[in-house]
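Take a look at the structure set out below.
Just so you know, these numbers use all the heavy atoms, side chains as well, and skip hydrogens, waters and symmetry mates.
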Amino acid sequence: MNLKPLHDNVIVKPDAQEEMTKSGIVLPGNAEQEKPVHGKVLAVGDGLFFENGQKKKMSVKVGDNVVFKKYSPDEITVEGEEYLVIKENDIVAIIN
């Protein structure tokens, strides 16, 4: 992946959404399902600068699994793969 997010943007690969029937059959996700709200961080921007010139450290790092606000991400497609671009402030938790 050749994406380098700027400022406080984070590139996230959304987790695949699968649904399981009562009998245990896994159904792949489809467009009618809810938007994903969690995924894996693939790239992190450098952070924002305060008015005094100091840089705000990013709270997330590459490899973190995160939970984010449902309607906040921008969806992008690069080389046939779908990614989400999220502002750091829209990430609500890191999953341990």
Side-chain angles (χ1 to χ4, degrees):
M1 179 183 73
N2 293 325
L3 289 175
K4 172 66 176 146
L6 301 176
H7 310 295
D8 64 337
N9 289 305
V10 178
I11 306 293
V12 173
K13 179 68 175 173
D15 290 340
Q17 293 200 323
E18 295 178 338
E19 185 178 326
M20 186 176 292
T21 65
K22 290 180 183 179
S23 62
I25 298 172
V26 176
L27 303 173
N30 63 42
E32 295 175 3
Q33 288 182 319
E34 290 289 319
K35 290 185 174 223
V37 292
H38 46 82
K40 185 173 186 174
V41 174
L42 299 180
V44 177
D46 293 330
L48 288 177
F49 283 93
F50 295 112
E51 288 184 20
N52 64 6
Q54 291 185 339
K55 189 175 7 175
K56 177 185 176 224
K57 182 181 175 191
M58 296 289 281
S59 304
V60 297
K61 63 184 181 309
V62 173
D64 283 347
N65 289 308
V66 295
V67 177
F68 47 86
K69 295 177 183 177
K70 183 186 281 190
Y71 296 105
S72 62
D74 291 319
E75 299 173 357
I76 61 171
T77 302
V78 177
E79 298 175 0
E81 290 287 324
E82 293 191 20
Y83 302 100
L84 302 175
V85 180
I86 305 170
K87 292 283 188 192
E88 181 189 24
N89 286 343
D90 291 330
I91 296 173
V92 295
I94 298 172
I95 302 170
N96 291 327

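Put simply, CD on Gln54 and CZ on Phe49 are 10.5 Å apart, with the number rounded to the nearest 0.5 Å. Rounding to the nearest 0.5 Å places OG of Ser59 at 7.0 Å from CD1 of Ile94. The structure places CG of Leu3 at 9.0 Å from CG of Leu42, a figure rounded to the nearest 0.5 Å. Annotation: the span from Glu88 atom CD to Lys57 atom NZ amounts to 10.5 Å, rounded to 0.5 Å. A distance of 9.0 Å separates CG of Leu84 from CD1 of Ile11, quoted to the nearest 0.5 Å.
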Next item on the list: Determine, step by step, whether His38 and Val66 satisfy the side-chain contact (heavy atoms from CB on, under 4.5 Å) criterion, reporting the C-alpha distance in whole Å, the side-chain angles of both residues, the deciding distance to 0.1 Å, and the verdict.
Entry: CA-CA 5 Å; His38 46 82; Val66 295; over 6 Å; no
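Remark: Asn52 CG is packed, more than 12 non-hydrogen atoms of other residues, nucleotides or ligands lying under 6.0 Å away.
Annotation: side chain of Lys69 is not in contact with side chain of Asn89 (no heavy-atom distance under 4.5 Å).
A cation-pi geometry, defined here as NZ or CZ lying under 6.0 Å from the six-membered ring centre and within 45° of its normal, holds between Lys13 and Tyr83.
Through side-chain heavy atoms spaced under 4.5 Å, either directly or across other Ile, Leu, Val, Met, Phe, Trp or Tyr residues, Phe50 is tied to no other residue. Using a 4.5 Å cut-off between side-chain heavy atoms of Ile, Leu, Val, Met, Phe, Trp and Tyr, Val67 falls into a hydrophobic cluster with Val92, Ile95.
Residues Asp90 and Ile86 come closest through the heavy atom pair CB-CG2, 3.8 Å. Nearest approach of Pro14 to Glu82, heavy atoms of both residues: CD-O, 3.9 Å. The shortest heavy-atom contact between Val44 and Pro5 is C-CG, 3.5 Å. For the pair Asn2 and Glu79, the tightest heavy-atom approach, listed with the atom from each and the gap, is ND2-OE2, 4.4 Å.
A side-chain contact (heavy atoms from CB on, under 4.5 Å) with Val10 is found for one member of Lys61, Met58, Lys87 and no other, namely Met58.
In terms of hydrophobic clustering, with Ile, Leu, Val, Met, Phe, Trp and Tyr side chains grouped at heavy-atom distances under 4.5 Å, Val12 and Val37 are assigned to different clusters.
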